[in-house]
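Heads up: the structure comes next, in structure tokens.
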Amino acid sequence: MDHNISRRSMIKLSTGAMAGAILLQNPDKTKAEFVSTSRKTPKRVLRFAHMTDVHVKPEMGGGLGMAAALKHARSLEDPPELLITGGDAIMDALAQDEARTQELWDLWNSVLSDNWPLPAKHCIGNHDIWGWEKEKSNTTGEEPLWGKQWAMQRFGIDKPYYSFDKAGWHFVILDSTQVNPNPKAVYIAKLDEEQFEWLSKDLASVNPDTPILFVSHIPIVAVTPFFDEDFFKEGRTQIPGEFMHTDLHRIKDLFYQHKNIKLCLSGHMHLVDRVEYLDITYICGGAVCGAWWGGNWHECEEGYGIIDLYDDGSFAYQYVPYNWTPVG
């Protein structure tokens, strides 16, 4: 482990050489022996940072905290080559008017450009969506940047979901947040039909030998939703549709057809967990802002993930607290 990475790292996955064997001829030519050896050690092909739930805002030192996280990642003895942000970049566009939303996105862009000179990819979170709470945001829905358009513009993407290839891996960035038909909740976690159809075709186009990594804002599968005490009612745990993908069975069935899917990263819960299911690892990656810039959220410090990808499809993950002290 890099000496700059905290001993408090909450999740550590290690990769190692795979056992093998070779046949050696005995000198007396009457016996053969199988001798245990090691195959070629996997080669790291990419190290990237996964920073989710920044919730940047000018209050409570949010801009300073975002800058501190970016600087911390770049200062590691072995720094990442790529940044992937996991959604909820700003706090918040759902219920804010145009002027406030403009202020938040300008702050995001300013801090990012000043502190991250390397490539970056972005995922849209629920708080990045402008105006879905129309009454509070004073919007009509007819504004050119309404909904996800503003985030897409700032992130430089044509659709709220997309894929790309890098270092021999295939990356898929999902859009978890859809309009909730239930008026009691603004959004629901799922893939819309167009996105699901696109995803099915995208996965089918990937070489089966190419490892695949997913990024979604809201977890597809997670343990952390079960720890929200507000949802233990009448002896039953009721997970709301905003906390975890409601279409997880459909996604699971699709994933089961593609054995090269290795890792799914998410955020949203501001906590860290790891779930293994059908040979896929699901990791919920904490939050840069912790408790929305107010300190730790339950047991989770402000932090980000460092992920190493290897040429054999394996990976290593570490959650890295960056020792932020809340302002005020």
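With hydrogens and angles ignored, the 3.5 Å screen pairs no side-chain donor or acceptor of Arg47 with any backbone N or O of Leu309. A donor-acceptor contact shorter than 3.5 Å is absent between the side chain of Asn296 and the backbone of Glu299. Between the side chain of Trp116 and the backbone N or O of Ala67, no donor-acceptor pair lies under 3.5 Å. One N or O on the side chain of Gln178 and one on the backbone of Lys190 form a donor-acceptor pair closer than 3.5 Å. Of the possible donor and acceptor atoms, one in the side chain of Gln195 sits under 3.5 Å from a partner among the backbone N and O of Asp175. Panel note: side chain Trp293, backbone Val327; no donor-acceptor pair is recorded below 3.5 Å. With hydrogens and angles disregarded, a donor-acceptor distance shorter than 3.5 Å links the side chain of Asp273 to the backbone of Val223. With hydrogens and angles ignored, the 3.5 Å screen pairs no side-chain donor or acceptor of Thr210 with any backbone N or O of Val206. Listed for the Thr246 side chain is a donor-acceptor partner under 3.5 Å among the backbone atoms of Ala189.
Ring to ring, Tyr162 and Trp198 are not that close: their centroids are 6.0 angstrom or more apart. Taking the centre of each ring, His72 and Trp324 stay at or above the 6.0 Å mark.
Of the residues Leu203, Ile280, Leu263, the one that meets the side chain to side chain contact (heavy atoms under 4.5 Å, CB included) test with Ile212 is Leu203.
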Does Leu278 form a side chain to side chain contact (heavy atoms under 4.5 Å, CB included) with Lys252? I'd like the steps, not just the answer. CA-CA 9 Å; Leu278 296 177; Lys252 179 265 296 181; 4.0 Å; yes
Could you go step by step and tell me if Ser163 and Asp202 meet the side-chain hydrogen bond (donor to acceptor under 3.5 Å, both in side chains) rule? CA-CA 8 Å; Ser163 64; Asp202 184 78; 2.8 Å; yes
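Between the side chains of His217 and Thr177, no donor-acceptor pair is found at a separation under 3.5 Å. A donor-acceptor contact closer than 3.5 angstrom is absent between the side chains of Gln318 and Tyr304. Checking Thr101 against Gln96 by side-chain atom types alone, no donor-acceptor pair falls below 3.5 Å. Side-chain contact, His55 with Asp92: no donor N or O sits under 3.5 Å from an acceptor N or O.
For the pair Lys121 and Phe164, the distance from NZ or CZ to the six-membered ring centre is under 6.0 Å and the angle to the ring normal is within 45 degrees. For the pair Arg250 and Phe196, the cation sits on the ring face: its NZ or CZ lies under 6.0 Å from the ring centre, inside 45° of the axis.
The side-chain heavy atoms of Leu104 and Lys57, taken from C-beta on, include a pair separated by under 4.5 Å.
Comment: Asp308 engages Arg44 in a salt bridge, judged by a side-chain N to carboxylate O separation of less than 4.0 angstrom. Using a 4.0 Å cut-off between charged nitrogen and carboxylate oxygen, Arg154 and Asp106 count as a salt-bridge pair.
More than 12 heavy atoms of other residues, nucleotides or ligands lie within 6.0 Å of CG in Asp253, so this atom counts as buried by the packing criterion. By the neighbour-count criterion of 12 heavy atoms within 6.0 Å, atom CD of Glu98 is sparsely surrounded, having that number or fewer from other residues, nucleotides or ligands.
Below 30°, between 30° and 60°, or above 60°: for Phe243 and His268 the angle between ring planes is above 60°, a perpendicular geometry.
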